[in-house]
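Chain letters run A, B, ... following the sequence lines, proteins first, then strands; residues in each count from 1. Just so it is clear, the values below take in all heavy atoms, side chains as well, and ignore hydrogens, waters and symmetry mates.
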Amino acid sequence: MRVATWNVNGLRARLDFVRIWLAERKPCVVGLQELKLETDKFPHETFAELGYRAVVHGQKSWNGVAILVREGLEAKLLQQGLPGQEEMGARLVTAEVGGLDFTTVYVPNGKTLDHEDYPKKLAWYDALIEHFAERHDAGRPTVLCGDFNVCPQPIDSWDEARHEGHIFHTDAERARIQALLDWGFVDLFRAAHPDTQAFSWWDYRGGAFHRKQGLRIDFLLGSESVNRRVREVSIDREFRKKQEGFTASDHAPVWADLQD
DNA sequence: ATGTCGGAATTATTCCGA
């Protein structure tokens, strides 16, 4: 079973691009972030034609998450939104699919350390950690994927020296990632590739992609039983490039193949 | 060039967020 995560940066603007990727990679379950559309505006018909159903938690203009599920797999919606954090927008959705408790999140960016959004980001993380402690079971096959807006370690940043202590690179943010690992999650890419520097996001500005100025901030986290099933994990860098004339998201998809 | 995108508000231009 192939599971994946992808911040698409606007689903309506990305629809043709997403179609190409689904046809090429044929994932079974995909967490999508930054839909930038309302729940009832989700293009279910388009995805049905491609052989996917979707569980959606959207909102107008910003944020928005969904789980795509390939035909033949059942999906049961378990949760829309992170309890207590509704004012931060539509950033979490959970479904039971293919024997997995599958959650995808779009963690608040935080902007800068002196911005009011930064403590809100940390509080959102604390609520997420508490939510998993209370509502999930690390003994079950569980996936938590999405855009975490943190570089967990120096290797995950193109220039740690320049960014150390700044947004995405603080001890406080990294402690939240560690808390998720302490809960029982494994960072599937890092576990499979302990020493590989690979990025999942590059700024649209300044030719960052071609300058290799990226960050690894998109993860597939899996509980131990999921990690044991991993056969391959890839950050799909090819799909950060233009495809058939269509503009890419600023994030690459990340996928993992699990033994059935 | 703080250099690019997507979306919204407003009507091709400007802002906001990332």
Take atom [atom1] of [X] and atom [atom2] of [N], then tell me their distance rounded to the nearest Å.
X	N	atom1	atom2	answer
A/L35	B/dG7	CG	P	10 Å
A/L37	B/dA8	CG	C1'	14 Å
A/F246	B/dC5	CZ	P	15 Å
A/R12	B/dC5	CZ	C1'	15 Å
A/E38	B/dG7	CD	C1'	12 Å

[atom1] atom, [N] versus [M]: distance in rounded Å?
N	M	atom1	result
B/dC5	B/dT11	P	26 Å
B/dA1	B/dG17	P	26 Å
B/dG3	B/dC16	P	15 Å
B/dC15	B/dT10	C1'	11 Å

- Message: Suppose we call two aromatic rings close when their centres sit under 6.0 Å apart. Are A/F132 and A/F185 close by that rule?
- Response: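 Yes, the ring centres sit under 6.0 Å apart.
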- Query: What about the rings of A/H163 and A/W158, do their centers lie closer together than 6.0 Å?
  - Reply: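 Aromatic pair counts; centres sit under 6.0 Å.
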- Query: Sub-3.5 Å donor-acceptor pair from the side chain of A/Q33 to the main-chain atoms of A/N7, do we have one?
  - Reply: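 Checking the backbone N and O of A/N7 against the side chain of A/Q33, a donor-acceptor pair under 3.5 Å is found.
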- Task: Scan for salt bridge (Lys or Arg N to Asp or Glu O under 4.0 Å) pairs involving residues 130-154 of chain A, sequence neighbours excluded, and state none if there are none.
- Result: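 Sorted pair list: A/D101-A/R140.
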- With sequence neighbours left out, write down each residue that passes side chain to side chain contact (heavy atoms under 4.5 Å, CB included) with A/I155, or none if nothing qualifies.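 Partners of A/I155 by the side chain to side chain contact (heavy atoms under 4.5 Å, CB included) criterion, ordered by chain and then number, come out as A/Q153, A/R190, A/Q197.
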- Query: Do we see a donor-acceptor contact under 3.5 Å between the side chains of A/E173 and A/T170?
  - Reply: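 Side chains of A/E173 and A/T170: pair found under 3.5 Å.
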- Query: When the nearest nucleotide of DNA chain B is assigned to A/S61 and to A/G207 on a heavy-atom basis, which residue is associated with the more 5' position?
  - Reply: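 So the residue in question is A/G207.
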Please write out each protein N/O paired with an N/O of nucleotides 12-18 of chain B under 3.5 Å, distance rounded to 0.1 Å.
unit_1: B/dA18; atom_1: OP2; unit_2: A/K111; atom_2: NZ; d: 2.5
unit_1: B/dA18; atom_1: N6; unit_2: A/R205; atom_2: NH1; d: 3.4

